[in-house]
Amino acid sequence: MPESTNAAHDDVGVAAEILAGLRIAVLTGAGLSTDSGIPDYRGPDSPPRTPMTYQQFVGDPEFRQRYWARNHIGWRKMDAAWPNPGHRILARLERTGVVSGLITQNVDLLHTKAGHRRVIDLHGSYARVRCLKCDRLISRMALAERLEQANPGFTESATATGIEVAPDADAVVRDTDSFRMVGCERCGGMLKPDIVYFGENVPKDRAAQAFSIVDEAEAMLVAGSSLTVMSGLRFVRRAAKAGKPVVIINRGATRGDELARARIDSGCSPTLAVLADALA
């Protein structure tokens, strides 16, 4: 067995000792969903990505057109994705009472598909769309039907060759200049995915629910997040400040490493499988 694998298993043993008998709050990021075919933003092997900001989306029609054209293709792949072993293991740990609650930075709904009951979709969901004028929520499927009518043949043309999809359901589509956008059917307002963009804040009530999960737990496990953005790192800081042990599983360094009592540089699914067996 390679030395790095031995080291990873040693770290899992340490993590299991730290977490044994404790109620665990879990924070997950894009690295957990890579085994479901959804790429992450900041993994060691990930290409450079520049996600759209809220200011770009609302302030520039060309950015908005490009987004909706690419999302019109990308959301379908995300909708078709299924939970991988890592999602299912965490759901099982919730059913057995080891995991007391889960916060995810992902918008792919894979934790819900895996059967999690107490999960906070911190950054929203790809499956909903919100009107920025009247606040009406509609399903992404309903919008897809309207966009298909407005852009006949676009999907077939864009998917004639293989496509790559980012963690926010943004597909790599080159020709977006002819794509027609649609507005809210109720008020004509601007439609936006119900996703927290860079430059936006997580809704206060949602953040409060997430903090409650951390406060009620006795330890924290991070799986697949580099903790680059403060929206996730703040929960790790809160747990550590309260004296609760933090364990991090992630490929590559994270901003929370100095706060962790155990750090496992490895893939989420195989590591969670070993950890779950040790905690059973």
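Keep in mind that this is a model prediction, so the values were computed, not measured.
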In Å and rounded to the nearest 0.5 Å, what is the [atom1] to [atom2] distance from [X] to [Y]?
X	Y	atom1	atom2	value
D277	I89	CG	CD1	8.0 Å
R136	C184	CZ	SG	5.5 Å
Y197	Q56	OH	CD	10.5 Å
W75	M141	CH2	CE	4.0 Å
S266	R251	OG	CZ	5.5 Å
L93	L102	CG	CG	10.5 Å

*Any idea how F154 and H72 line up, ring-wise: parallel (<30°), tilted (30 to 60°), or perpendicular (>60°)?*
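Because their plane-to-plane angle lies in the 30° to 60° range, the rings of F154 and H72 count as tilted.
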
*With sequence neighbours excluded, give me every ring pair (Phe, Tyr, Trp, His ring centres under 6.0 Å) pair touching residues 91-113.*
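For residues 91-113: H87-H111, H111-H116.
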
*Under a 4.0 Å N-O cut-off, is there an ion pair linking R76 with E148?*
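Here R76 pairs with E148 in a salt bridge, since their nearest N and O are under 4.0 Å apart.
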
For [X] and [Y], indicate whether the former's side chain and the latter's backbone hold a donor-acceptor pair under 3.5 Å.
X	Y	value
R64	K192	no
K244	D215	yes
N106	G29	yes
R234	S231	yes

_For T104, run the side chain to side chain contact (heavy atoms under 4.5 Å, CB included) check against D121, T112, L27 and tell me which one passes._
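Result for side chain to side chain contact (heavy atoms under 4.5 Å, CB included) with T104: D121.
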
*asked:* Can you confirm whether L19 sits close enough to L279 that some side-chain heavy atom of one is under 4.5 Å from a side-chain heavy atom of the other?
replied: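 Touching, per the 4.5 Å side-chain cut-off.
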
_Do N84 and S36 pair up side chain to side chain, a donor and an acceptor below 3.5 Å, judged on atom types alone?_
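Yes, because at least one side-chain N or O of N84 sits under 3.5 Å from a partner of the opposite role on S36.
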
*asked:* Is a donor from one side chain sitting under 3.5 angstrom from an acceptor on the other, for E216 and S100?
replied: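 Looking only at side-chain atoms, S100 and E216 do not form any donor-acceptor pair under 3.5 Å.
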
Quick one: closest heavy-atom pair of [X] and [Y], and the distance?
X	Y	value
Q105	S225	OE1-OG, 2.7 Å
L32	A223	CB-O, 4.1 Å
A219	L22	CB-CD1, 3.8 Å
A80	W82	O-CD1, 3.2 Å
S269	D35	OG-OD2, 3.0 Å
S33	D108	OG-OD2, 2.6 Å

Using atom types as modelled, flag every donor-acceptor pair under 3.5 Å from a side chain in residues 205-214 to any protein atom, sequence neighbours excluded.
residue, atom, partner, partner atom, Å
R206, NH1, L122, O, 3.1
S212, OG, A208, O, 3.1

*Please check if atom CZ in R180 has more than 12 non-hydrogen atoms from other residues, nucleotides or ligands closer than 6.0 Å.*
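No, because the 6.0 Å sphere around CZ of R180 holds 12 heavy atoms or fewer from other groups.
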
Give the cluster check for [X] versus [Y]: same hydrophobic cluster or not, with ILVMFWY residues linked at side-chain heavy-atom distances below 4.5 Å.
X	Y	answer
I103	V246	yes
V99	V119	yes
M190	I138	yes
V196	L110	no
I24	I264	yes

*Return the set of residues passing side-chain contact (heavy atoms from CB on, under 4.5 Å) with R237 (not counting sequence neighbours), or none when no residue passes.*
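Per chain and number, R237 pairs via side-chain contact (heavy atoms from CB on, under 4.5 Å) with M230, L233, R255, L259.
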
*Check step by step if side chain to side chain contact (heavy atoms under 4.5 Å, CB included) holds for L272 and L221.*
CA-CA 10 Å; L272 286 170; L221 172 66; 4.0 Å; yes

*Verify side chain to side chain contact (heavy atoms under 4.5 Å, CB included) between M78 and N71, making sure each step is shown before the conclusion.*
CA-CA 10 Å; M78 184 166 285; N71 180 269; over 6 Å; no

*Test R23 against E218 for side chain to side chain contact (heavy atoms under 4.5 Å, CB included), laying out the working first.*
CA-CA 5 Å; R23 298 191 310 278; E218 299 168 318; 3.3 Å; yes

_Please evaluate residues W68 and L143 with respect to the criterion side chain to side chain contact (heavy atoms under 4.5 Å, CB included), reporting the C-alpha separation (whole Å), side-chain torsions for both, the decisive distance (0.1 Å), and the verdict._
CA-CA 10 Å; W68 278 123; L143 179 61; 3.5 Å; yes

